[in-house]
Amino acid sequence: MPELPEVETVARDLQRWVAGATIVDATVHWDRTIRHPQPSERFAAEIVGATIRRVTRRAKTVLLHLEDGRVMTVALRMTGALIVVEAGAPDDPYARVVFRLSDGRELRYRDVRKFGRIGLWPGGGLRSVGAGRGARSRRVAEGGRRYRIGEVFSGHGPEPLSRGFTVSRLAERLARRSAKLKTLLLDQSFIAGVGNIYADEALWRARLHPLRAADTLDEFDVRRLHRAVRQVLRQGIANRGSSFSDYVGVDGEPGENAERLAVYRRTDQPCYRCGRPIRRIVVGQRSTHFCPHCQREPVASETR
Ligand SMILES: [Zn+2]
């Protein structure tokens, strides 16, 4: 599943490839891909004529900012991909939505398992992220009424690569929670964009056990975790993301970060730090990889 580095790679590629392009036609092949507005015919009619001004990312969602101020959100979820192809490229049976651009190219939303969602929203409100109305706004959002882009992300936590994500802010947030570190890193309301791969990698780098309770970390632990989260995400972006199955960049090519991971899917292989075998356990139904020697097992008072 694409996490922050993969989605960031897609957004940066799209910025280079389609910023300035105008959408002249849109075809929706799978109605449920469209989250808003509905029905999908309305979405298609409303997006035609729009010019893409800028492409960015928030959490695990690609944001296509349009010249008229509206924003198209693309949540890739499990197997979604945005791919740009030249005019006349062969049809793709997994293309759920196809946007034809004025220069003849196509921007295709490809999704084998069909969990991804696309929305078109009035602009504004993005700054109100994290205003604290999380769960409630999210429910409203799923109800299908018209709302502003900021509310789409009101349930999300801070961006780990943003300037505002400081050691002290992380320390504050951790101190309030007794959840296990692995569970918390996957919680999008705690921190946006981190998924299973980068959570395991960050914990190994920070030498923290996945089952450690968040509020048992001392200031040195927090500092290491803060640095580790940012390092693994930056490394992921630098290598154009980690590909295990469906994730590809806008050019259709897989990323190169998978072979540079330290623990994820390296069960029984030697730890790069101590040489002892990497172990796999299941935490909250997610497979979790760590080094039992480098990432010390929490004592009873640390797990609660
Ligand atoms: Zn080790």
Side-chain angles (χ1 to χ4, degrees), residues 1-6 8-9 157 160-161 165-168 170-171 173-175 177-188 190-245 247 254-304:
M1 171 166 183
E3 303 180 27
L4 187 154
E6 291 75 38
E8 180 70 26
T9 300
L161 295 181
F165 184 72
T166 58
V167 175
S168 57
L170 177 61
R173 295 174 72 79
L174 287 166
R177 305 289 294 266
S178 58
K180 299 172 180 72
L181 288 177
K182 174 64 187 279
T183 307
L184 211 47
L185 288 178
L186 296 183
D187 179 351
Q188 296 301 296
F190 182 78
I191 180 172
V194 176
N196 214 30
I197 297 174
Y198 296 95
D200 284 3
E201 293 295 307
L203 290 172
W204 178 82
R205 202 174 280 222
R207 300 178 185 235
L208 291 167
H209 196 285
L211 298 180
R212 183 87 177 265
D215 56 3
T216 65
L217 268 57
D218 67 24
E219 65 170 291
F220 303 104
D221 294 331
V222 175
R223 205 169 282 279
R224 286 200 314 279
L225 180 60
H226 180 264
R227 194 184 321 130
V229 165
R230 289 160 69 110
Q231 281 177 343
V232 297
L233 294 174
R234 289 210 180 96
Q235 179 200 304
I237 294 169
N239 293 321
R240 298 183 51 77
S242 306
S243 295
F244 285 97
S245 50
Y247 164 72
E256 290 165 4
N257 200 53
E259 56 261 50
R260 291 177 171 83
L261 299 175
V263 283
Y264 186 77
R265 294 205 184 173
R266 292 196 63 246
T267 309
D268 295 333
Q269 294 177 55
C271 169
Y272 289 134
R273 219 162 22 209
C274 73
R276 292 174 173 84
I278 299 300
R279 290 275 152 73
R280 176 184 175 279
I281 55 173
V282 175
V283 182
Q285 298 174 353
R286 305 298 299 275
S287 68
T288 297
H289 311 78
F290 71 107
C291 171
H293 180 73
C294 297
Q295 296 163 266
R296 194 174 57 85
E297 182 101 36
V299 295
S301 67
E302 291 172 339
T303 49
R304 264 188 291 265

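Remember, predicted model here, so these are calculated numbers, not experimental data. Counting starts at 1 for both ligands and their atoms, in listed order.
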side-chain hydrogen bond (donor to acceptor under 3.5 Å, both in side chains) between Arg230 and Gln235, intermediate numbers included: CA-CA 8 Å; Arg230 289 160 69 110; Gln235 179 200 304; over 6 Å; no
With Glu8 via salt bridge (Lys or Arg N to Asp or Glu O under 4.0 Å) - residues at least two apart: Arg12, Arg57
Atoms (protein N, O or S; no water) under 2.8 Å from the Zn ion (ligand 1): 4
Pairing residues for His209 by the side chain to side chain donor-acceptor pair (under 3.5 Å) criterion, not counting sequence neighbours: none
Steps toward side-chain hydrogen bond (donor to acceptor under 3.5 Å, both in side chains) verdict (His293, Arg276): CA-CA 7 Å; His293 180 73; Arg276 292 174 173 84; 3.2 Å; yes
Residue list, salt bridge (Lys or Arg N to Asp or Glu O under 4.0 Å) with Arg224, at least two apart or on another chain: Asp221
Under-4.0 Å salt bridge between Asp187 and Arg177: yes
